[in-house]
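Presented below is the structure to which this report refers.
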Amino acid sequence: MSFAGALAVAMAVDAVLGWPDVVFARIGHPVTWLGRLIAALDEGCNRETCAPPVRRAAGVVAAAGLIALAATVGWAVQSVVDPGWGRTILVGLIAWPFLALRSLHDHVAAVARPLKAGDLDAARLAVAKIVGRDPALLDEAGVARAAIESLAENTSDGVVAPVFWGALFGLPGIIGYKAVNTLDSMIGHRTARHGQFGWAAARIDDIANFIPARVAGLLFALIASRPSDALSCMIRDARRHRSVNAGWPEAAMAGGLGARLSGPRVYHGRVAEEPWLNGEARDPGAADIAIGLKLYVRAMIVLAGLLVIVALA
């Protein structure tokens, strides 16, 4: 119960403060610290001269070792904190940087503002910071889709999943999960370099996000203005997505907005023929990003409320 309360504290602090620039300038961020470790493992253990099975085995060991290290650090810190409400607050403050509540909202809002004002070039620059597709080829609908999809998927990866694992296991859960997610974002790609070494990272991330992604989708569906449309779209289209997890919050968001998401897009000059989610609906626009952000805020309030209820039960 104290873990649920701690995560409610972490959500509240992050919603108000985010991760201040002055703090980042001085010490960076825990995720960047994890990133440096992963980069070192990638450089030292992922040798292109090795056979594919060897590179895959090295990736398994590297991923398991880093996740174990992260969870152990969390356990060591948590074990020296005295029990009681003071512990709940302190653990919440330590967990705070492992959530992306405020930054996710701010990055997506930074796309909505210029798009609403008709400045497509500025909107493309803003959306390029949160998605990997080629922004120069995006029209207004493409920019809006990219921003909304990022909002939906990262609600699961950046907030719901760390809250889920943190509420279950405290600091070992949330820090361990963040190691999993950072590993996947850095090496969990089907490329010549990381197809083998990042195999374990991608599979572990799929497992870790399986329940949170569906919880995130359910949150979006239940607080949408058209819950039945959002639920039916999620149930019908989520499995069509290339990702085993991302389709759930994205399809729920598509149904809740009454707009189509996903679909074909360009990465590094290549067209990815992705299926549509809610494909019979209209294309989204700047107004839909604003509505999506409102849904996101409501979903986060509901999630924090559930944590408080569990903590006080």
Side-chain angles (χ1 to χ4, degrees), residues 31-32 34-67 70 100 127-138 142 145-158 161-162 176-214 216-217 237-251 261-277:
V31 173
T32 65
L34 287 168
R36 292 191 192 102
L37 288 174
I38 295 167
L41 288 170
D42 187 22
E43 182 178 356
C45 303
N46 186 17
R47 299 180 180 178
E48 296 180 0
T49 55
C50 293
V54 175
R55 295 178 75 178
R56 178 173 290 199
V60 171
V61 173
L66 183 67
I67 296 165
V127 84
K129 297 178 181 179
I130 57 176
V131 298
R133 66 199 70 172
D134 187 348
L137 302 177
L138 298 177
R145 271 197 301 273
I148 294 167
E149 289 164 17
S150 180
L151 175 64
E153 181 179 0
N154 285 294
T155 296
S156 174
D157 294 355
Y177 170 78
K178 214 60 186 178
V180 170
N181 190 240
T182 308
L183 278 161
D184 180 65
S185 67
M186 292 184 66
I187 65 172
H189 310 296
R190 296 177 182 176
T191 61
R193 176 162 181 81
H194 293 125
Q196 295 299 324
F197 187 73
W199 175 85
R203 300 291 82 74
I204 295 169
D205 185 76
D206 286 345
I207 294 169
N209 284 295
F210 189 86
I211 295 175
R214 287 147 182 81
D237 289 349
R239 293 178 178 85
R240 302 180 66 209
H241 199 281
R242 71 186 185 283
S243 166
V244 69
N245 294 320
W248 292 85
E250 288 187 25
L261 298 177
S262 194
R265 73 280 309 274
V266 178
Y267 293 104
H268 309 296
R270 295 183 179 181
V271 178
E273 295 291 346
E274 303 293 345
W276 290 103
L277 303 177

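Here, residue 1 is the first one in the sequence, and each next residue gets the next number.
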Give a yes or no on whether the backbone of Ala179 and the side-chain of Thr182 come within a donor-acceptor separation of less than 3.5 Å. no
Out of curiosity, Ile204 CD1 to Asn181 CG, how far, rounded to the nearest 0.5 Å? 12.5 Å
CG (Asp206) and CG (Asp184) are apart, to the nearest 0.5 Å, by 7.0 Å
Contact summary for Ala213 and Asn245, nearest pair of heavy atoms: CB-O, 3.4 Å
I'd like to know whether CZ of Arg203 has more than 12 heavy-atom contacts from other residues, nucleotides or ligands below 6.0 angstrom. yes
At their closest point, which heavy atom of Ile130 faces which heavy atom of Ala147, and how far apart are they? CD1-CA, 4.3 Å
Heavy-atom distance under 4.5 Å between the side chains of Ile38 and Leu66, does that happen here? yes
Using a 6.0 Å cut-off, check whether atom CD1 of Ile211 has over 12 heavy atoms from anything other than its own residue. no
Identify the two heavy atoms, one from Val244 and one from Arg214, that lie closest to each other, and give their separation to 0.1 Å. O-NH2, 3.0 Å
Heavy-atom closest pair (Val131 atom, Ala146 atom, distance to 0.1 Å) is CG1-O, 3.7 Å
Spatial distance of atom CD (Glu153) from atom CG (Leu261) [nearest 0.5 Å]: 12.0 Å
Can you check whether Ile67 reaches Leu183 side chain to side chain, under 4.5 Å on heavy atoms? yes
Closest heavy-atom pair and its distance - Pro162, Ser156: CD-O, 4.1 Å
When rounded to the nearest 0.5 angstrom, what is the spacing between CZ in Arg47 and CZ in Phe197? 11.0 Å
So do Tyr177 and Asp157 actually touch side chain to side chain, heavy atoms under 4.5 Å? yes
For Pro275 versus Ser262, what's the shortest heavy-atom pair and its separation? O-OG, 3.1 Å
Quick one: does Arg240's side chain have a donor or acceptor within less than 3.5 Å of a partner on Leu277's backbone? no
Please check this pair: side chain of Thr155 against backbone of Leu151, looking for a donor-acceptor N/O pair closer than 3.5 Å. yes
Less than 4.5 Å apart, side chain to side chain, heavy atoms only: is that true for Asp237 and His241? no
Distance from Ile187 atom CD1 to Gln196 atom CD, nearest 0.5 Å? 12.0 Å
Less than 4.0 Å between a side-chain N and a carboxylate O, is that true for Glu149 and Arg133? yes
My understanding is that only residues two or more places apart in sequence, or in another chain, count here; which of them pass side chain to side chain donor-acceptor pair (under 3.5 Å) with Asp42? Asn46, Arg193, His194
